[in-house]
Novice: 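Submitted below is the structure of interest, expressed as C-alpha cells.
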Amino acid sequence: MRKHIVILGAGFSGMWSALSAARLIDLHQQKDIDVTVIAPQPELRVRPRFYETQVEGLTAPLQPLFDVTGVKFIQGVVSRIVVENKQVIFSNAASETQCVHYDRLILATGSHLDRSFVAGVDRHAFDLDQIESAAVLEQHLNGLAQCEDSPARNTVVVCGGGFTGIEMAMELPARLRKLLGEEAKTRVVVVERGPMAGARYSQALRDVVMQASEELGVEWMVNAEVEHIDADGVTLKDGQKIASKTVIWTVGVQANALTAQIAAPRDAQGRLHVNHALQVEGHDDVYATGDVAYAATDDKGNHALMTCQHAIQLGKFAGNNAAASLLAVEPLPYRQENYVTCLDLGAWGAVYTEGWDQQVKLTRADAKKLKLSITSELIYPPKAEKATAFKIADPLAPFV
Ligand SMILES: Cc1cc2nc3c(=O)[nH]c(=O)nc-3n(C[C@H](O)[C@H](O)[C@H](O)COP(=O)(O)OP(=O)(O)OC[C@H]3O[C@@H](n4cnc5c(N)ncnc54)[C@H](O)[C@@H]3O)c2cc1C
C-alpha cells in the first residue's frame, strides 16, 4: 500500500523537509511513498529580508523545484490536525474543505507576531512579520512625503530591540532621508524594555550595535515599556509620549497555532518539544520543524532559535527522518553545533558573529558583503534540478 508523508508549510523548513524526504526515497529507489506539501502558495517567502524595500518581490517560486524532485503540492490552508485518525483538514484553493490522510506528518507552519500584547498594536502599529504586513508598512513609509511636515511624520518608533527591531531601525535613517529629503528632521527611536541596547547579546556585539546606532543617529530608549499605541504615537508606562505616525511592532513571536492541536509539551513560544529525530514527544508519526520545533542543537543545552539558519537544517533532518521511518532506515539525530549571526546595520554595514557567545568576526563592509551573500543566495531555494537539489538536501551536507 502507498505511504504518504504530508508536510504543512512551504517556508524554509517545509521546503527542505520535502526535498530531503524526496531525496532519501529516491536514494532507496522506493516508488510507493508520496511526499506532499500543503501551503497557501507554492513559493518561499524570504522573511529575513522583510525590512528591505520592494518587499512584495521577496519570494521564490517552488513549483518547478517540486516538479523535478517529485514532490506534490496542494494549495491550501490547514485548519485541523486529527492525530487519532492521521488526518489533516484544510481549505483548498477553491475554499472547499478537504481532508488528507498521512502516515507521517511534518509540521512546518512557522511563526507569527503576537499583536495582542499591548493595547493599540492591532489597530495602530505596523510590523514586518509577514509579506502582506511588511508591504503595508512599505506603502505607508512611501506615502509619508505626502503628509504635512511634523515631528510625528518624521519620527519612526521601533518597539523592541531584538534582531528584527535592530535591522529595521538601522535601515530607516537612510530610507527616511531618501523619502522625506535631506533637510527633514527625521528621527528613529528604538523602545527597549531591557536595561541597555542589545542587553541579551554579547558585549562585543552590543558595542558594535551601539557604535552603528550612534553613527546613524538611531536613538535608544531603554528600560522603556510601551503602555499603549494610538493614532498619535506611543505612550510609555512612565507617561512619556512619542509623537509618531509610524510605530513598528517587533516583539512577541509565537509558533503557529496548529501546534496547540497536538497534545504534547510546548515551550513558552508554543514550540513543540521534539526528540533528536525531531518527532514530537509522544507522537512518533508527527515531526515538528523550523519555528514550531523546540529542538536541542547539541548536548550543551543549546536549542534551535526561530531563525532561518535553524529552520533550514531542522527541515532537512525532519524530512530525512520521516522518510527513514517509512523505509525502516535509522534516523539521523539532529545536530547543529555551529551558530552564527549576521546582522544588517544599514548604511553602517553589518556585523557577523560566531558561536553561542557571539564573538564578533567581521564588521562594516566585510560583514555586509557576507550578509548579502546569505540573504540573496544561501537561504534561497536551490536550482530546479534534481541532482543539485538532492545534493544540498542531504542533512549531512556542509551548511554553516
Ligand atoms: C522580519 C524578519 C527578519 C528575520 N531575520 C532573520 C535573519 O536575519 N536570520 C535568520 O536566520 N532568521 C531571520 N528571521 C526568522 C526566519 O525568517 C524564520 O525563522 C524562518 O522563516 C522560519 O522558517 P519556517 O519554515 O519555520 O517558517 P516560515 O518561513 O514562516 O514558513 C511557514 C510556512 O507555513 C505556511 N503556513 C502557515 N500556516 C499555515 C496553515 N495553517 N496551513 C498551511 N500552511 C501554513 C506559510 O504560508 C509558510 O509557507 C526573520 C524573520 C522575520 C519575520
Side-chain angles (χ1 to χ4, degrees), residues 6-18 36-52 55 58-60 62 73-81 88-93 100 105-113 126-134 137 158 160 162-168 171 248-261 269 271-272 288-293 295 304-316 318-319 336 339-345 350-352 370-372 374-375 378-379 381 399-400:
V6 176
I7 298 162
L8 310 187
F12 295 95
S13 60
M15 170 190 71
W16 283 111
S17 292
T36 301
V37 173
I38 306 178
Q41 55 281 312
E43 68 183 20
L44 180 76
R45 296 180 160 193
V46 188
R47 293 175 76 196
R49 297 185 60 180
F50 286 177
Y51 62 92
E52 296 182 22
V55 81
L58 298 176
T59 63
L62 293 177
F73 178 79
I74 298 178
Q75 189 159 8
V77 176
V78 175
S79 54
R80 273 186 70 205
I81 300 168
V88 167
I89 318 287
F90 64 97
S91 168
N92 71 9
V100 69
L105 180 72
I106 303 180
L107 186 60
T109 43
S111 58
H112 65 279
L113 202 63
F126 296 90
D127 72 62
L128 54 146
D129 188 55
Q130 304 293 329
I131 203 160
E132 294 84 1
S133 55
L137 168 62
V158 177
F163 285 152
T164 301
I166 292 172
E167 289 196 316
M168 184 74 249
E171 161 92 0
I248 304 175
W249 190 258
T250 70
V251 187
V253 177
Q254 285 291 314
N256 180 271
L258 289 173
T259 51
Q261 297 190 17
Q269 289 178 288
R271 297 184 299 173
L272 289 157
T289 189
D291 282 2
V292 298
L305 301 173
M306 284 183 170
T307 69
C308 237
Q309 158 184 187
H310 289 107
I312 290 170
Q313 282 301 90
L314 281 164
K316 293 180 189 176
Q336 195 164 1
Y339 169 56
V340 303
T341 58
C342 199
L343 203 54
D344 198 341
L345 299 174
V351 56
Y352 168 72
L370 179 63
K371 177 76 180 177
L372 286 176
I374 293 171
T375 54
L378 184 74
I379 63 173
F399 186 48
V400 291

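Atoms within each ligand, like the ligands themselves, are counted from 1 in listed order. Side chains are part of it too, since the values below use all heavy atoms of this structure and drop only hydrogens, waters and symmetry mates. Model, not experiment: these values are computed from the prediction.
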Novice: In terms of atom number and element, which parts of ligand 1 are under 4.0 angstrom from non-hydrogen atoms of Pro40?
Specialist: 43 (C), 44 (N), 45 (C), 47 (O)
Novice: Check each atom of ligand 1 against the heavy atoms of Val77 and keep those under 4.0 Å away; list them by number with element.
Specialist: 41 (N), 42 (N)
Novice: I need the nearest protein heavy-atom contact for atom 18 (C) of ligand 1: residue, atom name and distance, please.
Specialist: Asp291 OD2, 3.4 Å
Novice: Among all protein heavy atoms, pick out the one at the shortest distance from atom 52 (C) of ligand 1; state its residue, atom name and that distance to 0.1 Å.
Specialist: Arg47 O, 3.7 Å
Novice: Could you go through the side chain to side chain contact (heavy atoms under 4.5 Å, CB included) check for Ile81 and Leu258 one step at a time?
Specialist: CA-CA 7 Å; Ile81 300 168; Leu258 289 173; 4.2 Å; yes
Novice: Going through the distances and angles, do Met168 and Leu128 end up as a side chain to side chain contact (heavy atoms under 4.5 Å, CB included)?
Specialist: CA-CA 9 Å; Met168 184 74 249; Leu128 54 146; 3.8 Å; yes
Novice: Among Gln309, Met168, His112, Lys371, which one has a heavy atom closest to atom 8 (O) of ligand 1?
Specialist: Lys371
Novice: Is the closest side-chain donor-acceptor distance between Arg47 and Ser111 under 3.5 Å?
Specialist: yes
Novice: Tell me, do Glu167 and Lys371 make a side-chain contact under 4.5 Å, heavy atoms counted?
Specialist: yes
Novice: Any non-hydrogen side-chain atom of Leu58 less than 4.5 Å from a side-chain atom of Arg45?
Specialist: no
Novice: A side-chain contact here means heavy atoms from C-beta on lying under 4.5 Å apart; do Asn256 and Asp291 qualify?
Specialist: no
Novice: Are the side chain of Thr289 and the backbone of Gly315 linked by a donor-acceptor contact shorter than 3.5 Å?
Specialist: yes
Novice: Just by distance, do the side chain of Glu43 and the backbone of Gly11 share a donor-acceptor pair under 3.5 Å?
Specialist: no
Novice: Just let me know how Ser79 lines up against ligand 1, side chain, backbone, both or neither, with a heavy-atom cut-off below 4.0 Å.
Specialist: neither
Novice: Atom 49 (O) of ligand 1: which protein heavy atom is closest, and how many Å away?
Specialist: Ala10 N, 3.0 Å
Novice: Would you indicate which of Val292, Thr109, Ile74 comes nearest to atom 36 (N) of ligand 1 when only heavy atoms are counted?
Specialist: Thr109
Novice: Can you find a heavy atom in the side chain of Thr36 that is under 4.5 Å from one in the side chain of Phe73?
Specialist: no
Novice: Side chain or backbone, does Thr307 bring an N or O within less than 3.5 Å of an N or O on ligand 1?
Specialist: yes
Novice: Give the atoms of ligand 1, by number and element, whose distance to some non-hydrogen atom of Gly290 is under 4.0 Å.
Specialist: 26 (O)
Novice: Find all atoms of ligand 1 within a distance of less than 4.0 Å from any non-hydrogen atom belonging to Ile38, and give their numbers and elements.
Specialist: 43 (C), 44 (N)
Novice: Would you say that His310 contacts Phe12 through its side chain, given a criterion of any heavy-atom pair below 4.5 Å between the two side chains?
Specialist: no
Novice: Which part of Thr164 is near ligand 1, with near meaning a heavy atom under 4.0 Å away: side chain, backbone, both or neither?
Specialist: side chain
Novice: Quick check on contacts: which atoms of ligand 1 are under 4.0 angstrom from a heavy atom of Gln41?
Specialist: 47 (O)
Novice: Among protein heavy atoms, which lies nearest atom 20 (C) of ligand 1, and at what distance?
Specialist: Phe12 CD1, 3.8 Å
Novice: With a 4.0 Å cut-off on heavy atoms, does Ala134 reach ligand 1?
Specialist: no
Novice: Tell me, do Thr341 and Tyr352 make a side-chain contact under 4.5 Å, heavy atoms counted?
Specialist: no
Novice: Would you mind checking which non-hydrogen protein atom is closest to atom 15 (C) of ligand 1, with the distance to 0.1 Å?
Specialist: Met306 O, 3.6 Å
Novice: Compare Gly9, Ala39, Pro48, Gly11 and give the one whose heavy atom is closest to atom 31 (O) of ligand 1.
Specialist: Gly11
Novice: So which heavy atom in the protein is nearest atom 11 (O) of ligand 1, and how far is it from that ligand atom?
Specialist: Cys308 N, 2.8 Å
Novice: Between atom CZ of Phe90 and atom CD1 of Ile74, what is the distance when rounded to the nearest 0.5 Å?
Specialist: 4.5 Å
Novice: Heavy-atom distances under 4.0 Å are what count here, so tell me which part of Asn256 touches ligand 1: side chain, backbone, both or neither.
Specialist: side chain
Novice: Just which atoms of ligand 1 are under 4.0 Å from any heavy atom in Ala311?
Specialist: 22 (C), 23 (O)
Novice: Which ligand 1 atoms, with their elements, are less than 4.0 angstrom from a heavy-atom of Ser13?
Specialist: 24 (P), 25 (O), 26 (O)
Novice: Closer than 4.0 Å to some heavy atom of Leu258 - which atoms of ligand 1 meet that?
Specialist: 41 (N)
Novice: Write out the residue and atom name of the closest protein heavy atom to atom 40 (C) of ligand 1, then the distance separating them to 0.1 Å.
Specialist: Val78 N, 3.7 Å
Novice: Considering heavy atoms of the protein only, find what lies nearest to atom 27 (O) of ligand 1 and give residue, atom and distance to 0.1 Å.
Specialist: Gly110 CA, 3.2 Å
Novice: Of the non-hydrogen atoms in Gly9 and Val37, which two are nearest, and what is the gap between them?
Specialist: O-CG1, 3.6 Å
Novice: Return the CD1 to CD distance between Ile38 and Gln75, rounded to the nearest 0.5 Å.
Specialist: 11.5 Å
